[in-house]
Amino acid sequence: MKKATAQKQQVKTFDSQFYLVFIPFLIFIFIIVTCFPYWFTRPNFSGIDFTDKGEIGDTIGGITGPFIAIAGAVLTFFAFWVQFKANEQQKLDLKTERFENKFYELLSLHKSNVSEAVIGNLDGRRSFTAMFYELRLSYHVVQHIKEKKLKSNKLRKEIKKIKEIDVLEFAYMIFFYGIGPNSEKHFEPGLTKIHKELFVDIKSFIEKEIHKPYERFLKKRPDAKYYMFKKIDTEVELYFYPFDGHVSKLSHYYRHLFQTARFVVDQEFLDHHQKYSYLKTLRAQLSNFEQLLLYYNAASWFEDQWKDLFIEYRMIKNIPIPLADFGTPPEIRYKTEIEQYQAKGIKLFEWNK
């Protein structure tokens, strides 16, 4: 893997810390040089008189020796300081090397996670494309059933509860865990009464209108690459048995991706520009459809955890906005942040108009 590292950090030899130490030292030397000859040639409380010229010569001669020693001390101080800063640079270089070794190891693991994402005949990045369209279908199914439920229910209290259901969150849950006895154990115990009622209708719709037609189609055409679903104003090419769940693939994928991003952000020795540079390298590993699924994963369950990575470090900069056309699209969810970036002449998303 080609390494696109941030600019190497340099420890300045003569920085503000140097002047905080050197200037007081220089003032001390100046006082010794300028004041000591005067003090030693004045009558003093000790009764010793240095005003005689012979004694003055002896005094000055005695003082010039220390001057040479002082000059040596100054040079020694410079040598010590340069060595101190060289050691600081070496420590920083070692810390950077250790960080980069770990970072690129995490990138390599991320690539392995992507390549191991296999669904049917699809693998790697192609599987993320198919998963995104399955999520979109899940959203339209939940929205369709919710609207039917609203039309058939005449109780105002029940209607209010139905309206409060977050379609995207519910749709992502079904997409993520899937439909089936084992899949439903992940989420069914935590559903409210109104959610359970809605889920029964959703499950019935998926089994009758999607699963059974899909199975009948494959029996007739076992060599077909995909099944085209055309209902509820939606067209989706299904390359695998839908709503079987992706928890075994995506849970590990997102945990690792999040930990990699946080690993960079939590490095105190890196400045913001350097952190952005490393996370830009991480973002370059994500396909457009990976960024789409990442956005909807965060929007459904983990918005607070991902928000600073999306906004401050632009982790989904390349998300294809026209495809994020269900739920709350990014340009609406992050409208304020987009305007703030535009005021600086920067696009938060590449696809911004």
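Hydrogens, waters and symmetry mates are skipped; everything else that's a heavy atom, side chains included, is used.
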Sequence-distant partners of [X], side-chain hydrogen bond (donor to acceptor under 3.5 Å, both in side chains), two or more places apart:
| X | value |
| --- | --- |
| Ser287 | Glu290 |
| His186 | none |
| Thr192 | His195 |
| Tyr172 | Asn297 |

Which atom names give the shortest non-hydrogen contact between [X] and [Y], and what distance separates them?
| X | Y | value |
| --- | --- | --- |
| Leu250 | Phe176 | CB-CE1, 3.6 Å |
| Gly124 | Ser127 | O-OG, 2.5 Å |
| Glu209 | Phe229 | O-CE1, 3.5 Å |
| Met315 | Leu279 | SD-O, 3.9 Å |
| Pro329 | Ala324 | CB-O, 3.4 Å |
| Tyr276 | Arg314 | OH-NH2, 2.9 Å |

May I have all residue pairs that pass salt bridge (charged side-chain N to carboxylate O under 4.0 Å, His left out) and include part of residues 337-346, sequence neighbours excluded? Lys307-Glu337

Selection residues 212-221 - residue pairs positive for salt bridge (charged side-chain N to carboxylate O under 4.0 Å, His left out), sequence neighbours left out: none

CD/Glu207 to CD1/Ile179 distance, rounded to the nearest 0.5 angstrom? 7.5 Å

So CZ of Phe199 and OG of Ser204: to nearest 0.5 Å the spacing works out to 11.0 Å

Flag if over 12 foreign heavy atoms under 6.0 Å of NZ, Lys317: yes

Heavy-atom neighbours of Phe99 CZ exceed 12 at 6.0 Å: yes

Please tabulate, for the side chains in residues 128-141, all donor-acceptor contacts under 3.5 angstrom to protein atoms that are two or more places apart in sequence or on a different chain.
from   : atom 1 : to     : atom 2 : distance (Å)
Glu134 : OE1    : His246 : NE2    : 2.6
Glu134 : OE2    : Phe243 : N      : 2.6
Arg136 : NE     : Asp325 : OD1    : 3.4
Arg136 : NH2    : Leu323 : O      : 3.1
Arg136 : NH2    : Asp325 : OD1    : 3.0
Arg136 : NH2    : Asp325 : OD2    : 3.2
Ser138 : OG     : Ala171 : O      : 2.8
Tyr139 : OH     : Gly327 : N      : 3.4

Counting only N and O atoms by type, is there a donor-acceptor contact under 3.5 Å from the side chain of [X] to the main-chain atoms of [Y]?
| X | Y | answer |
| --- | --- | --- |
| Thr260 | His256 | yes |
| Lys146 | Val167 | no |
| Tyr239 | Asn121 | no |
| Tyr296 | Phe326 | yes |
| His211 | Pro242 | yes |
| Gln267 | Val264 | no |
| Tyr241 | Gly120 | no |

Taking salt bridge (Lys or Arg N to Asp or Glu O under 4.0 Å) as the definition, give me every residue that meets it alongside Lys203, ordered by chain and number, with sequence neighbours left out. Glu184

Of all residues at least two apart in sequence or in a different chain, which pass the side chain to side chain contact (heavy atoms under 4.5 Å, CB included) check with [X]?
| X | answer |
| --- | --- |
| His144 | Lys148, Phe205, Ile232 |
| Lys95 | Phe269 |
| Arg262 | Phe258, Val265, Asp266, Asp308, Leu309 |
| Asn318 | Arg283, Asn288, Gln291, Glu350 |

Test log, rule side chain to side chain contact (heavy atoms under 4.5 Å, CB included), inputs Thr96 and Leu270: CA-CA 9 Å; Thr96 302; Leu270 297 175; 5.6 Å; no

With a 3.5 Å cut-off and no angle check, do the side chains of Arg333 and Tyr295 form a donor-acceptor pair? yes

Can a side-chain donor-acceptor contact be found between Tyr253 and Glu116 if the only test is distance below 3.5 angstrom? no

Before giving the answer on ring pair (Phe, Tyr, Trp, His ring centres under 6.0 Å), spell out for Trp306 and Phe310 the whole-Å C-alpha distance, their side-chain angles and the decisive distance to 0.1 Å. CA-CA 6 Å; Trp306 281 101; Phe310 287 174; 5.7 Å; yes

Walk me through whether Glu169 and Ile165 qualify under side chain to side chain contact (heavy atoms under 4.5 Å, CB included). CA-CA 8 Å; Glu169 185 178 348; Ile165 292 175; over 6 Å; no

Side chains of Tyr334 and Phe349: closer than 4.5 Å at any heavy-atom pair? yes

Report yes if the side chains of Tyr313 and Lys275 come closer than 4.5 Å at any heavy-atom pair, otherwise no. yes

Could you go step by step and tell me if Leu191 and Met173 meet the side chain to side chain contact (heavy atoms under 4.5 Å, CB included) rule? CA-CA 11 Å; Leu191 296 180; Met173 179 187 69; 3.9 Å; yes

